[in-house]
Structures are given as C-alpha cells and as structure tokens.
Amino acid sequence: MPANTHRKPTRRGRFFVACAALLTLTAPPRVQAQVPAQEPVAGHALRLCLPDFAVPPYLSAPGEPAGTAQRLLHDSAQALGLDLQEQRQPVRRCRYTMSLGEAELTLASPTPENLDELRFPMRDGRVDTSRVLLQIELVWVKRRGDAYAWDGRALRGGQAQPLVGVRSSLRSVQEPLRARGFRLDEQALSGRQLLRKLQAGRVELAAGMRGELEPLLREPEFRALELIERPLARIEIYLAAAAKLDPAWNPRLERWWQEIARRRDTPPYAAP
C-alpha cells in the first residue's frame with residue numbers, strides 16, 4: 001500500500017498553525033485609509049463652544065434665554081441650512097475641545113496667538129473687520145478712594161507699576177495689557193473671584209469685560225469697588241473656526257460670516 005501522505009499534525013505544528021491564523025485575523029489591511037477624527041462629514045453638525053459665563057447683552061449665562069450674539073449666530077446658521085450645536089465650557093476647555101476635534105467653532109478676538117491657532121474672516125491678507133460679530137468694551141476696576149485714573153494711553157496716580165488682575169485664559173483681555181507692559185495676575189477663574197482678589201488687596205487693579213464686571217459691581221458685596229471712568233479698550237470678537245476644519249466647509253463658512261454681517265446691526269441683534 002502507498003505510504004499515507006496525510007499524517008496527523010504534531011502538537012507543535014498545531015500551535016504554529018493557530019498563531020498564523022490569529023495573526024491573519026488581527027492584522028489590519030495594508031491599504032486601509034486612516035480618516036482624521038476631526039474632519040466633518042456630510043450631515044455633520046457644526047459644534048460651537050462658547051464661554052460658560054454671561055457677557056450681557058451678547059451672551060447669557062448657561063441655561064438662560066440666549067443673548068443677542070447667540071441669537072445672531074443661530075439664526076444666521078439656520079438661514080443657510082447649517083445645523084449648529086452650542087456647547088458652554090470654560091475658555092481653556094473650549095480650546096482643548098477644539099484641539100481634540102470635538103468642536104469646530106468658538107468666539108475669539110484676532111490676537112497674534114489666536115491668529116496662529118484659529119481661522120477668521122479674511123480679506124487681502126487681513127482680518128475682514130466688516131464681518132465682526134460684536135465689539136466688547138474692556139474696563140478698569142479699582143478700590144474706592146484709590147487715585148488711579150486712565151487717560152486712554154496710561155494710568156495716572158497710584159503705584160507706578162501696579163499688579164493688574166485678569167481672568168485666566170482670556171487672551172483678548174490679557175494681550176492688550178501685556179502690550180502696554182503691565183504686570184498681570186492671571187489666576188482668577190471668574191469675574192467674581194477677580195473682584196474678590198482686588199477687594200482683598202491681592203492685586204492693585206482689575207481689568208475685564210464691562211458686560212461681565214459691571215453687573216457684579218452693583219452687588220452689595222462689591223460696594224467698596226468702582227469702575228474707572230474711561231474704558232481701557234474696545235476689542236472685536238469674531239466667529240472663529242478651528243485651523244483643522246475640513247476645507248470642504250470653506251464656502252459655507254464664508255457665506256455664514258457674510259450673513260452675520262448682514263444681520264448684525266438690525267433688530268433683534270443690535271446691542272442697545
């Protein structure tokens with residue numbers, strides 16, 4: 001009889017066959033494309049991350065009726081058929097969320113650092129100021145009785161180089177002050193905490209957004225504080241997109257910026 005050519009595999013042979021099968025099942029196909037998680041796809045909602053504090057009348061506190069800027073953003077998006085989802089998070093968390101691809105849009109001023117990290121409406125290589133979303137006034141706060149005054153360019157009275165308290169992560173407030181050479185304390189996590197630091201003497205002055213600080217100054221807790229009469233500065237705030245936003249969104253984003261500009265100065269969006 002011919003020799004049996006179908007010999008039973010040894011134990012060692014069965015082990016190597018099993019390993020080869022396992023590797024075949026778990027190895028990824030060599031031609032499989034890797035799609036970046038942050039790229040939006042058709043039908044994908046645009047996610048807008050807004051700061052988690054109120055700036056009346058533009059932004060309301062989370063859970064309250066929308067402010068004028070929020071209504072403008074949502075109504076203009078709806079007019080263009082864009083699905084917009086709003087998130088409310090601390091400013092620093094918003095930036096981190098965008099870096100993870102979990103949000104595509106935020107509000108920002110075109111500071112040098114923001115221009116490196118975000119996309120703004122542009123024209124001829126510059127930010128297109130005609131498509132600004134809103135303007136915010138920055139103000140000084142001092143302790144009542146302190147001699148500080150602001151002439152629009154320099155502080156008068158008080159210490160020669162006062163320590164100025166500002167909110168953490170608010171580049172739009174911090175960078176104008178740094179450009180003027182002020183020493184900054186950037187540890188306050190809220191407007192209330194900032195004013196408490198000023199009241200306790202841990203900083204000499206506070207600087208921030210009028211819409212956030214002025215309502216707080218009307219509370220009895222802060223009756224020992226007051227605004228310096230002349231504003232520190234006025235800053236422009238834009239709808240800004242993540243640098244990694246899929247270029248397929250560009251035409252719709254351009255139309256959206258244009259629609260914001262068209263509606264901005266009309267009721268019910270114009271600030272009182």
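Heavy-atom basis, side chains included; hydrogens, waters and symmetry copies ignored. Keep in mind that what you see is a predicted model, and the values were worked out from it rather than measured.
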Has Arg252 got more than 12 heavy atoms of other residues, nucleotides or ligands less than 6.0 Å from its CZ? yes
Count I, L, V, M, F, W, Y as connected when their side-chain heavy atoms are under 4.5 Å apart, and connections chain through other members. Are Leu138 and Leu227 then in the same cluster? no
Exercise: identify the closest heavy-atom pair between Trp140 and Leu232: CZ2-CD1, 3.5 Å
Applying side-chain contact (heavy atoms from CB on, under 4.5 Å), run through Leu48 and Leu239 and close with a yes or a no. CA-CA 9 Å; Leu48 170 67; Leu239 173 67; 3.9 Å; yes
The reported gap from CZ in Arg131 to CD in Gln258 (rounded to nearest 0.5 angstrom) is 5.5 Å
Take a 6.0 Å sphere around CZ of Arg144 and say whether it holds more than 12 heavy atoms from other residues, nucleotides or ligands. yes
Are any side-chain N or O atoms of Arg230 and backbone N or O atoms of Ala149, one a donor and one an acceptor, separated by less than 3.5 Å? no
Atom pair CZ (Arg156) and CD1 (Ile228), whose distance is rounded to the nearest 0.5 Å: 12.5 Å
Find out whether Glu226 and Lys142 are in side-chain contact, i.e. whether some heavy atom of one side chain is under 4.5 Å from a heavy atom of the other. yes
Considering only heavy atoms from C-beta outward, does the side chain of Val127 approach that of Glu236 to under 4.5 Å? no
Between Glu104 and Ala242, is there a donor-acceptor pair closer than 3.5 Å when you use the side chain of the first and the backbone of the second? no
Arg95 CZ to Cys49 SG distance, which is reported to the nearest 0.5 Å: 9.5 Å
Just so I know, are the side chains of Gln193 and Arg196 near enough to count as touching, which here means a heavy-atom distance under 4.5 Å? no
Does any part of the side chain of Val132, heavy atoms only, come nearer than 4.5 Å to the side chain of Arg264, both counted from C-beta? yes
Does Gln135 offer a backbone N or O that forms a donor-acceptor pair with the side chain of Arg234 under 3.5 Å? no
Could you walk me through whether Glu204 and Tyr148 pass the side-chain contact (heavy atoms from CB on, under 4.5 Å) test, one step at a time? CA-CA 10 Å; Glu204 295 304 315; Tyr148 290 108; 3.8 Å; yes
Would you say Arg171's side chain and Ser109's backbone share a donor-acceptor pair under 3.5 angstrom? no
Find out if a path of hydrophobic residues (ILVMFWY) with successive side-chain heavy-atom gaps under 4.5 Å connects Leu194 to Leu59. no
Distance (rounded to the nearest 0.5 Å) between Thr111 OG1 and Asp116 CG: 8.5 Å
Do you know which two heavy atoms are closest between Glu64 and Ser60, and how far apart they sit? O-OG, 3.3 Å
Taking all heavy atoms of Gln161 and all of Arg183, pick out the closest pair and write down the distance. O-NH2, 2.9 Å
Got a donor-acceptor contact below 3.5 angstrom from the Arg255 side chain to the Leu80 backbone? no
So Phe182 and Trp150, would you call those rings parallel, tilted or perpendicular, with 30° and 60° as cut-offs? tilted
Going from CG on Leu133 to CG on Leu72, what distance comes out if it is rounded to the nearest 0.5 angstrom? 5.5 Å
Expected output: side-chain Arg71 to main-chain Ala66 donor-acceptor under 3.5 Å: yes
Pro121 and Tyr238 have their tightest heavy-atom pair at CG-CD2, 3.7 Å
Side chain proximity check, Leu216 to Leu225, heavy atoms < 4.5 angstrom: no
Inter-residue atom distance Glu117.CD - Met98.CE, 0.5 Å rounding: 9.5 Å
Can Asp185 and Arg202 be counted as an ion pair, charged N to O under 4.0 angstrom? no
List the steps, then state whether side-chain contact (heavy atoms from CB on, under 4.5 Å) holds for Glu214 with Arg218. CA-CA 7 Å; Glu214 197 168 45; Arg218 291 194 286 266; 3.9 Å; yes
Any donor-acceptor pair under 3.5 Å linking the side chain of Arg223 with the backbone of Pro220? yes
If the test is side-chain contact (heavy atoms from CB on, under 4.5 Å), which one of Val91, Leu50, Leu118, Thr97 qualifies with Thr106? Leu118
Which heavy atom of Val55 sits nearest a heavy atom of Met209, and at what distance? CG2-CE, 4.0 Å
Cluster overlap Leu105 with Ile237, hydrophobic side-chain contacts below 4.5 Å: yes
Between Val203 and Val164, is the side-chain contact (heavy atoms from CB on, under 4.5 Å) condition met? List the steps. CA-CA 6 Å; Val203 295; Val164 180; over 6 Å; no
Closest non-hydrogen atom pair between Thr68 and Tyr269, with its separation: CB-O, 3.4 Å
Atom CD of Gln85: over 12 foreign heavy atoms under 6.0 Å: yes
Report yes if the side chains of Arg88 and Phe53 come closer than 4.5 Å at any heavy-atom pair, otherwise no. no
Quick check: do Leu184 and Gln174 have side-chain heavy atoms less than 4.5 Å from each other? yes
Taking C-beta and beyond as the side chain, do Asp128 and Trp257 meet within less than 4.5 Å on heavy atoms? no
